[in-house]
Amino acid sequence: MEYDLDLLRRLAKKNLSEKRFRHTECVVAQARKLARLYGCDELKAVTAAWMHDVCKEMKPEEQLHWIEKYGMILDDVQRSQPKTWHGMAACGYMKCKAGITDPEILDAVRYHTTARGKMTDLDEVVYLADLTSADRQYEEIEHMRKLAETALKPAMKYAMQYALGDLVSRGQGISIDSFEAYNHYTQF
Ligand SMILES: [Fe+2]
Ligand SMILES: [Fe+2]
């Protein structure tokens with residue numbers, strides 16, 4: 001059940017616009033590449049990649065519904081950042097719709113937006129695959145991609161500096177998970 005990739009593809013297709021479905025396909029390809037590179041479970045990485053944005057285009061109420069289904073209660077910072085909801089929502093969604101219960105896969109999906117203090121290799125692969133997929137366009141993409149394909153931890157360090165810097169420059173709050181991730185990766 002966990003690895004019915006065709007079902008996951010169909011669920012992604014059903015819930016996403018063409019553009020975001022294409023993004024998801026690119027993240028799947030990049031997750032496969034990085035998983036092979038770093039000796040991670042390829043099927044788990046691909047499963048998480050198919051599902052990572054599956055709730056991103058749902059209405060906020062629907063996302064909250066799936067978060068609740070997953071048994072999560074949001075803290076104040078999380079509540080004030082609707083853009084970070086879709087990872088948590090996807091966990092409830094994929095559990096109900098695809099029967100995915102593997103905690104490693106669920107965590108990789110849950111933390112793909114915020115990161116967290118102690119990330120597994122699988123978490124890092126999915127986080128970086130999302131950031132460096134073929135459809136991504138931002139100023140530092142080439143550098144980021146090269147880093148992601150060279151070494152996981154330094155790539156995460158760079159990604160966290162970039163992500164938190166961006167949040168600060170836009171006057172946004174920083175979730176506890178992102179804060180802990182940032183601090184954790186300063187040592188690399
Ligand atoms: Fe996302
Ligand atoms: Fe994404």
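None of these values were measured; they are calculated from a predicted model. All heavy atoms count here, side chains included; hydrogens, waters and symmetry mates do not. Just follow the structure's listing: the first ligand is 1, and inside any ligand the first atom is 1.
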In one Ile/Leu/Val/Met/Phe/Trp/Tyr side-chain cluster, 4.5 Å: Leu152, Tyr111: no
Which N, O or S atom of Asp130 lies nearest to the Fe ion (ligand 2), by name: OD1
N, O or S from Asp53 under 2.8 Å to the Fe ion (ligand 1): yes
Side chain Thr114, main chain Ser178, donor-acceptor under 3.5 Å: no
Aromatic ring pairing Tyr138/Tyr162, orientation class (parallel under 30°, perpendicular over 60°, tilted between): tilted
Minimum-distance atom from the Fe ion (ligand 1) among N, O or S atoms of His112: NE2
Side chain proximity check, Arg116 to Met119, heavy atoms < 4.5 angstrom: yes
Residue His52, metal the Fe ion (ligand 1), N/O/S under 2.8 Å: no
